[in-house]
Structures are given as structure tokens and as C-alpha cells.
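Counting from 1, the numbers follow the sequence of the chain as shown. Predicted, not measured: the structure shown is a model, and the values here were computed from it. Order of listing sets the numbers, starting from 1, for every ligand and every atom in it.
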Amino acid sequence: LIGRLNHVAIAVPDLAAAIALYRDTLGATLSAEQVLPEHGVRLVFADLPNTRIELMEPLDTTSPIAGFLQKNSRGGIHHICYEVGDIAAAADELVAKGARVLGDGKPRIGAHGNPVLFLHPADFLGTLIELEEVR
Ligand code: CO
């Protein structure tokens with residue numbers, strides 16, 4: 001069902017500081033900054049040879065990751081993203097197996113312009129999983 005690891009996402013309290021850390025200290029190549037109001041975040045991707053690291057900062061206190069940062073004030077790993085070929089079929093199969101899709105269960109458009117959805121962390125070893133359709 002799942003394919004490649006698309007990215008690991010880290011919630012950060014200060015995106016500019018996180019960019020400097022990944023660019024200057026770790027020497028990573030970063031994408032342009034994106035603002036995703038529907039997801040309540042601004043973000044950049046660090047492009048690594050085999051995957052990406054998503055660095056994301058909440059847009060405001062209503063952001064879904066604002067609560068995460070209240071509990072993890074210096075930042076922390078927020079979710080991991082796996083690629084799937086057909087996100088609707090993947091969601092149907094997972095729901096049939098007893099997993100819960102967050103929100104209304106419908107895919108939304110994510111940072112790469114592809115449909116994404118999130119799976120309940122309680123069903124997956126305490127890890128928030130994002131599925132991204134990559135065809
Ligand atoms: Co993500």
C-alpha cells in the first residue's frame with residue numbers, strides 16, 4: 001500500500017532560524033518558502049538525496065500545529081509522509097482495516113500540489129502519518 005518515504009516534517013517555532021540551521025549548519029539545499037493557509041502553516045523543504053525534510057511554522061495560534069508547539073516548545077518531529085499511488089483507494093483500504101482518517105476523510109491539496117490526507121496517530125504507533133498521492 002505505502003511506497004516511498006516522501007518527507008519527514010518538523011514543526012518549528014521560528015522558521016527563519018530553522019532555515020539557517022538546515023542551510024548554514026547542515027548544508028542542505030532548501031526550497032522556496034510556501035504559505036499554505038488551508039493547512040495553517042508556512043514551510044520550506046530541505047531536499048536531501050533520498051528524501052525531503054519539511055520545516056513548518058504555524059501561521060497563527062489556530063494552526064493545527066500550534067498546539068503541538070505548545071507541548072514541544074523547541075520544535076519536534078510532527079509527521080512522516082508516505083507516497084501512495086491512488087489516495088482514495090488507499091484510504092478505503094485503510095478504513096476497511098480499521099484505521100481512522102483525520103478530518104472529513106477527504107484528501108486536500110498538499111505542499112507539492114498533490115492530494116494528501118492524515119491518519120490518526122493512535123492507530124499507527126503514536127506517529128501522525130501523511131499519505132501523499134504520487135503517480
Ligand atoms: Co507533510
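- Residues that satisfy the ring pair (Phe, Tyr, Trp, His ring centres under 6.0 Å) test with Phe118, not counting sequence neighbours, are His79.
- Within a 6.0 Å radius of CZ in Arg4, other residues, nucleotides and ligands contribute 12 heavy atoms or fewer.
- For the pair Glu133 (side chain) and Pro115 (backbone), a donor-acceptor distance under 3.5 Å is absent.
- No donor-acceptor pair under 3.5 Å is formed between the side chain of Thr127 and the backbone N or O of Pro121.
- Around the Co ion (ligand 1), protein N, O or S atoms at a distance under 2.8 Å total 4; waters are neither shown nor counted.
- Applying the ring-ring contact (aromatic ring centres under 6.0 Å, His included) test to every pair with at least one member in residues 26-47, sequence neighbours left out, gives these pairs: His7-Phe45, Phe45-His112.
- Every residue two or more places apart in sequence or in another chain that forms a ring pair (Phe, Tyr, Trp, His ring centres under 6.0 Å) with Phe68 is listed here: His78.
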